[in-house]
Amino acid sequence: MKFAYYPGCSLHATGLEFDQSTRAVFHALGVQLDELDDWNCCGASSGHSLDALAAVALPARNIALAQEMNLDVLAPCAACFNRLKVAEHAIKTDPAQRNKIEDAVGFAYAGTTQIRNPIDVIVNEIGLPQVRAMVKRPLDDLRAVSYYGCLLVRPPEIVQFDDPEHPRLMDQLLAALGATPVDWAYATVCCGGSLSLTRAKIVNKLVDDIAAHAREVGAQTIVTACPLCQINLEMRQTSAAKMPIVYFTELMGLAFGLQASARWWSKHLVDPRAVVSKYATA
Amino acid sequence: MSVLVSLDPSLRDSVNLQSHQNISRCYDCDKCTAGCPVAYAMEYGPHRILQMVRFGMKETALASRDIWLCAGCETCGTRCPNDVDIAHVMDALRQMAVREDIRNPANDIANFHRVYVMLIKLFGRMHEASLMGALKLLTRDFVSDMDAGVKLVAKGKIPILPERIKGAGEVRRVLKGP
Ligand code: SF4
Ligand code: SF4
């Protein structure tokens, strides 16, 4: 199995440990990731706030690059994944938009390149039995809540990921690692990530509510699949005792006994080692 | 009491066109506002903004901070019983407000997006250090988040130099719009 890997800007910066753990885990699973050559920013929330064409044409340029490589795209960042799916949806469903996008990017969409998210590939393609077989150090007694956030699951008809109100894929994955996924009410409640740098006070409340509820259900960590959620949840908690926020790929690497996982924890603003160190293989 | 609002009867149609929605389907159940995470900080909330668009209250809608406070979380559109994707309507309103240079108390957020897009134009990719720097200059707030910023740089998570792509020219062509 081989993918055109689209890290997006966050994974080359604040989401560094998401990039490293995704590459390590897919390598361990025998999947080849070839970074999309010369990829560009998907525009994120700023692109679609200001410019209707850029909102879809920026991500579409990356689809065009992957199409040239004749590969499906693997997009770990939930925001990039969302923008790529929105662009794909516009191309597939709206001929007028398709023309504009193809014109702006300078390509002809062939429909041969799928947009995939790692969680979907791991659970639905590679399969949980293989994940279970890879686990060397089960995450016994680790109580974790899956935080899907917004962009991975919504709008459901565009991203086609999982049930938008009660997604289960990440919980199934955590269970396969030996952890205990805990039910909670905030799995898909917005953390306000797109306002993190401009309206910190509004975001503080959203993030504190999420962390408080995680604590209430007895979770030791919040598991995320989005670099924007991850840094927002770390940075905008205001309580003294902060909830650690880890990527699902980091927990996979930990459970797989990958030595590299030791290097990921120190990258966090909220150090998760009190929770994860006991699973480290010496 | 007389209320003076100039109405723009074409607003609904132009927003429908730009957002690829049919907002006339809205039957005012208010579910969108009930589930909106940011409604607590908004002036009107998504449902009333949508009503304003239907009634042609262009000035009020475009001057409200709500259009910039919307986090684009898509909770409203996912739950709307009439399939109105209000996040897309919010986008259309923002694009309209920028095109027409409307004064809005939350225009600092619009400026944040402008800087973001300008950096993509320059490099083809985002460069956090430039973004943070520009944001500090724009807001003249040099204190907030310095602590986290310094930590992130120390952890190697905010590269000092931007990544540039070969296809930056293609990206600029895509972005020639706004
Ligand atoms: S949820 Fe839909 S139908 Fe209900 S008020 Fe909002 S836009 Fe209108
Ligand atoms: S997309 Fe915007 S208006 Fe809709 S629920 Fe989210 S923040 Fe509120």
Side-chain angles (χ1 to χ4, degrees), chain A residues 8-10 12-17 38-41 43-55 57-58 60-61 65 82 90 94 97 104-106 149-151 153-156 164-165 188-195 197-202 205-206 231 234-235 266-269, chain B residues 18-20 37-38 40-41 68-69 71-75 77-79 85 87-88 90-92 94-95 98 106 108-110 112-117 119-120 123-128 131-132 135 139 144-145 148 151-152 155-159 163 165-168 170-171 173-175 177-178:
Chain A
C9 308
S10 288
H12 274 202
T14 56
L16 207 57
E17 66 274 39
D38 212 44
W39 58 266
N40 61 275
C41 174
S45 38
S46 298
H48 67 76
S49 291
L50 298 187
D51 181 342
L53 177 61
L58 280 175
R61 179 176 175 273
L65 294 174
N82 186 286
D94 184 338
Q97 277 212 81
V105 177
C150 306
L151 300 174
V153 293
R154 290 189 293 265
E165 300 286 355
T188 63
V189 176
C190 177
C191 72
S194 61
L195 296 169
L197 290 173
T198 49
R199 285 296 180 280
K201 285 215 177 69
I202 293 178
K205 180 190 152 24
L206 305 181
I231 189 155
E234 280 192 337
M235 248 177 94
S266 62
K267 300 278 179 210
H268 288 248
L269 287 177
Chain B
Q18 180 136 2
S19 64
H20 307 279
V38 192
Y40 87 94
W68 293 107
L69 287 189
C73 74
E74 293 280 1
T75 308
T78 301
R79 294 182 180 166
D85 192 327
H88 286 198
M90 292 290 195
D91 273 345
R94 294 194 255 229
Q95 291 157 14
V98 166
D108 61 305
I109 302 181
F112 168 85
H113 293 310
R114 283 193 176 100
V115 170
Y116 201 105
V117 169
L119 289 170
I120 303 175
F123 306 127
R125 293 182 186 169
M126 184 35 49
H127 181 233
E128 277 81 358
L131 180 68
M132 306 279 234
L135 196 62
T139 57
S144 305
D145 298 330
K151 276 191 202 142
L152 289 169
K155 288 173 188 293
K157 294 176 96 174
I158 297 192
E163 295 179 12
I165 67 168
K166 299 190 289 282
E170 292 163 39
V171 167
R173 201 176 66 218
V174 164
L175 278 170

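Below, chains carry the letters A, B, ... as their sequence lines are ordered, and counting in each starts from 1.
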Between [options], which residue shows the highest count of heavy-atom pairs closer than 4.5 Å to chain B?
options: Gly47(A), Ala104(A), Gly192(A), Pro164(A); value: Ala104(A)
options: Ser194(A), Ala90(A), Gly8(A), Ala13(A); value: Ala13(A)
options: Val153(A), Leu195(A), Ile231(A), Leu53(A); value: Leu195(A)

Using non-hydrogen atoms only, which part of [X] is less than 4.5 Å away from chain B: side chain, backbone, both, or neither?
X: Leu65(A); result: neither
X: His268(A); result: backbone
X: Asp94(A); result: side chain
X: Ile202(A); result: both
X: Pro155(A); result: both
X: Leu58(A); result: both

Note, Ile165(B) side chain near Trp39(A) side chain (heavy atom, < 4.5 Å):
no
Would you say that Val117(B) contacts Asp51(A) through its side chain, given a criterion of any heavy-atom pair below 4.5 Å between the two side chains?
no
Salt-bridge test for Arg61(A) and Asp38(A): reply yes if a basic N is under 4.0 Å from a carboxylate O, no otherwise.
yes
Check this for me: does any side-chain nitrogen of one of Arg79(B) and Glu165(A) sit under 4.0 Å from a carboxylate oxygen of the other?
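A salt bridge is present here (some side-chain N lies under 4.0 Å from a carboxylate O).
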Chain A contact via [X] - which portion, at a heavy-atom distance below 4.5 Å:
X: Pro37(B); value: both
X: Phe123(B); value: neither
X: Ala106(B); value: both

Quick check on the interface: out of [options], who has the most heavy-atom pairs with chain A under 4.5 Å?
options: Thr139(B), Asp85(B), Asp108(B), Val38(B); answer: Asp108(B)
options: His88(B), Met90(B), Glu170(B); answer: Glu170(B)
options: Gly167(B), Ala168(B), Ala41(B); answer: Gly167(B)
options: His127(B), Lys166(B), Gln95(B); answer: Gln95(B)
options: Gln18(B), Arg114(B), His20(B), Glu128(B); answer: His20(B)

Output yes when a side-chain donor or acceptor of Arg154(A) lies under 3.5 Å from a complementary backbone atom of Thr188(A), and no otherwise.
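Here the side-chain-to-backbone pair exists.
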Between the side chain of Tyr116(B) and the main-chain N/O of Met126(B), is any donor-acceptor distance below 3.5 Å?
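Not at all, since once roles are kept as given, no pair shorter than 3.5 Å links the two residues.
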To the nearest 0.5 Å, tell me how far [X] [atom1] sits from [Y] [atom2].
X: Ser144(B); Y: Lys201(A); atom1: OG; atom2: NZ; result: 7.5 Å
X: Lys267(A); Y: Glu17(A); atom1: NZ; atom2: CD; result: 8.0 Å
X: Leu197(A); Y: Ile109(B); atom1: CG; atom2: CD1; result: 11.0 Å
X: Leu131(B); Y: Cys9(A); atom1: CG; atom2: SG; result: 10.5 Å

Can you name the residues that form a salt bridge (Lys or Arg N to Asp or Glu O under 4.0 Å) with Arg125(B), not counting sequence neighbours?
Glu163(B)
